[in-house]
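The structure under discussion appears below in the form of structure tokens.
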Amino acid sequence: MVAGRRWLLVNDDVHIGLVAPVTAQQVLYVNGSADEVLFVQHGSGSLRSQFGHLAFKRHDYIVIPRGTIYRIDFDDLAGVRILCLEVTGLVDVPDRYAARHRRHT
């Protein structure tokens, strides 16, 4: 999942790439320099981190804050396709989806 990333677009702020894992992730991983946004095009499984267990399925977005120690376990590796973004800037919810009483900093 981590070593198999193929970057398509890269600049100082974001890396955008695709992942088609062929082996299960055996070790824990932490990205200390960027937030990660994963779009699950095909596949399902679970994200395990210090925050707990998060099940995901096809067409889900997974946001992993920088510094999070995690491992992704897929139900089946056949056909898994992930769009991966590593973002060095702030990953936040667009205002139109945020609660009205939310404070901006």
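Since the structure is predicted, the reported quantities are computational estimates derived from the model, not experimental observations.
Scanning all heavy atoms of the two residues, the minimum distance from Cys84 to Leu38 falls at SG-CD2, 3.6 Å. Here the shortest heavy-atom pairing between Asn31 and Ala34 reads OD1-N, 3.1 Å. Residues Gly17 and Trp7 come closest through the heavy atom pair N-CE3, 3.5 Å. Taking all atoms of both residues into account, the shortest heavy-atom contact from Phe56 to Asp60 is CA-OD2, 3.4 Å.
Tyr61 is connected to Val91 through a chain of hydrophobic side-chain contacts under 4.5 Å among Ile, Leu, Val, Met, Phe, Trp and Tyr, so both are in one cluster. Using a 4.5 Å cut-off between side-chain heavy atoms of Ile, Leu, Val, Met, Phe, Trp and Tyr, with links allowed through other members, Val10 and Leu83 fall into different hydrophobic clusters. Criterion: ILVMFWY side-chain heavy atoms under 4.5 Å apart, direct or through other members. Under it, Ile16 and Val2 are not part of a common hydrophobic cluster.
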*Can Ile82 and Leu18 be said to form a side-chain contact (heavy atoms from CB on, under 4.5 Å), step by step?*
CA-CA 6 Å; Ile82 307 285; Leu18 298 174; over 6 Å; no
*asked:* Would Val19 and Met1 count as a side-chain contact (heavy atoms from CB on, under 4.5 Å) here? Give the steps.
replied: CA-CA 7 Å; Val19 184; Met1 178 62 203; 3.8 Å; yes
_Evaluate Asn11 against Leu9 for side-chain contact (heavy atoms from CB on, under 4.5 Å), listing each step before the verdict._
CA-CA 7 Å; Asn11 67 24; Leu9 302 168; over 6 Å; no
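Within the 4.5 Å cutoff, the side chain of Val40 has no heavy atoms near those of the Lys57 side chain.
Residue-environment remark: CZ (Phe39) exceeds the threshold of 12 foreign heavy atoms within 6.0 Å.
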Could you tabulate the donor-acceptor pairs under 3.5 Å formed by side-chain atoms of residues 62-73, not counting sequence neighbours?
from  : atom 1 : to    : atom 2 : distance (Å)
Arg66 : NE     : Asp35 : OD1    : 3.4
Arg66 : NH1    : Ser33 : O      : 3.1
Arg66 : NH1    : Thr88 : O      : 3.4
Arg66 : NH2    : Thr88 : O      : 3.0
Arg66 : NH2    : Gly89 : O      : 3.1
Thr68 : OG1    : Pro65 : O      : 2.8
Tyr70 : OH     : Arg5  : NH2    : 3.1
Tyr70 : OH     : Glu36 : OE1    : 2.7
Tyr70 : OH     : Glu36 : OE2    : 3.4
Arg71 : NE     : Asp73 : OD1    : 2.9
Arg71 : NE     : Asp73 : OD2    : 3.4
Arg71 : NH2    : Asp73 : OD2    : 2.9
Asp73 : OD2    : Arg48 : NE     : 2.9

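Remark: Leu47 CG to Gln25 CD distance equals 9.0 Å, nearest 0.5 Å.
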